[in-house]
Amino acid sequence: MAKKQGSAGAAQQADEAPLHCIDLIRKKRDGGTMEERELAFLAQGAADESIPLEQLAAWLMAAWIRGLSLDETRALALAMRDSGEKFNPQGLGKVAVDKHSTGGVGDKTSFLVAPLAAACGLAVPMISGRALGHTGGTLDKLEAIPGYRTSLTLREFEAVLRRCGASIVGQTPTLVPADRVLYALRDRTGTVENPGLICASILSKKLAAGLDALVLDVKTGSGAFLRKREDADYLAALMVATAEAAGTRTAALMTDMSQPLGRTAGNWIELAECVELLRGERQEDSEDLRTLSLRLAGWMIHLGGKAATPEAGHQLAEAALTDGAGLAAFLKMVDAQGGDVRVFDDLKGNHKPGATKVLEAWESGFVAEMDTTALGWAVQRLGAGRERAGEPVDPHAGILFHAKRGSRVKRGEPLATLYATKEAMLGEPVNLVKRAIRFSDTAPAAVALVDRIFTKESAEAFLADMAPA
Ligand code: URA
């Protein structure tokens, strides 16, 4: 059946003038404020594809440039949440909690926190995304496991949650379909880095999962979408206050993304790093990943009511990591979603990149600065991300970092190993990595892994301070 252009009728009231996408594009372009029903019209039109992509893209760019107010952001988040089916976790008989990150490089904590929280008696219905901009995507990483299905029906999602306590899936044509379309469109139209659009995208997924509690990992530093610290703080406060107003207990941890998290960035290699940690194997360069995952899981366990404080939650998470319960929960989830867990028997042997290049340090000194966004683009261009929507990604592409910020290296020592789909794809990423890393004679100042935490009260106070008197 032919789709009617830009006229998502479901959002329209009989007594109100009909809406046309072209009017909404022009309104936002000229700095106007969108009404709730206009945002619902856009979300519904994205979901049922009645609004053409070029019009959605134009509106997104107008919103990116003009910005979305607090009220517009909230209305868009709820409209996107309501664009499809919603999951009701009540029948699971467990408190439902989740974690979501604003996006980073080597940002793979989901594979640790979801099974750890599940092992501590919580349900983790996690709706995630694909690679976005310079950042990797949880779903792309999981699809490096042969057979793993990221697209489940609600019934299947519930069955996996009943069996395993955790399930990680993506948006589908029926589950947060508006974000499915807008997320992919933002990725290819340069409209990712906007607090209102990020907030609406993240919360639409989290609120559609019917969560009782949510922990947000809001990245700051050179690899974050919002590089200015005040923008990242605003995003955190906005998301916490919006989720709380929608009935979900929420906290946001402001975390460091001035370097890749852990020692890998890519698809399979990130999963392999997490499986090593779940097995209790520790490497110095993965310690930041382990520490941050335990902090996030500690907050999930606390907000989920299983621990009186986040610190006590941290201890429970660490116990589940140490005694193997986290690994068992992870393998159970992979198996329940069709993944072949035998692939983890040989983490190195099952990494089969088309081309490999060891990049040696071109100077001696301390690794002083990493332009983590540039490193993320290098990872994507090695084949780990996509140029066009729907393209397959290379599960084996990525970068293994041999040094972290603050490491002392000697000229000629391995700095990073780049894995590409084919030899011809190594050139641009090698140059990106060379430009992204700066050495110095003195050690750089240490940066805290977590430096501020927003809860309901502090988020509301932050937003109130920003409001015009
Ligand atoms: N994660 C999301 O789900 N959406 C964004 O816009 C950014 C990070």
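Note that ligands are numbered from 1 as they come in the structure, with each ligand's atoms numbered from 1 the same way.
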* Short N or O distance, Lys205 and ligand 1, threshold 3.5 Å exclusive -> yes

* Closest non-hydrogen protein atom to atom 4 (N) of ligand 1, residue and atom name please, with distance? -> Ser201 OG, 2.7 Å

* Arg263 pairs by salt bridge (charged side-chain N to carboxylate O under 4.0 Å, His left out) with which of Glu287, Glu270, Glu276? -> Glu276

* To do: Under 4.0 Å from a heavy atom of Thr102: give me the atoms of ligand 1 that qualify, with their elements.
  => 7 (C), 8 (C)

* To do: Could you tell me whether the side chain of Val192 reaches within less than 4.5 Å of the side chain of Trp64, counting heavy atoms only?
  => no

* Structure fact -> Counting from 1 in the order shown, the ligand 1 atoms closer than 4.0 Å to a non-hydrogen atom of Leu132 are 5 (C), 6 (O), 7 (C)

* Asked: Hey, does Glu318 have a side-chain heavy atom less than 4.5 Å from the side chain of Arg290?
  -> yes

* **Closest protein heavy atom to atom 1 (N) of ligand 1, given as residue, atom name and distance to 0.1 Å** => His100 NE2, 3.4 Å

* Please step through ring-ring contact (aromatic ring centres under 6.0 Å, His included) for the pair Phe344 and Phe330, ending with a clear verdict. => CA-CA 11 Å; Phe344 300 120; Phe330 176 75; 5.7 Å; yes

* Based purely on interatomic distance, does Arg186 place a nitrogen or oxygen under 3.5 Å from a nitrogen or oxygen of ligand 1? -> yes

* Asked: Partners of His302 by ring-ring contact (aromatic ring centres under 6.0 Å, His included), sequence neighbours excluded?
  -> Trp299

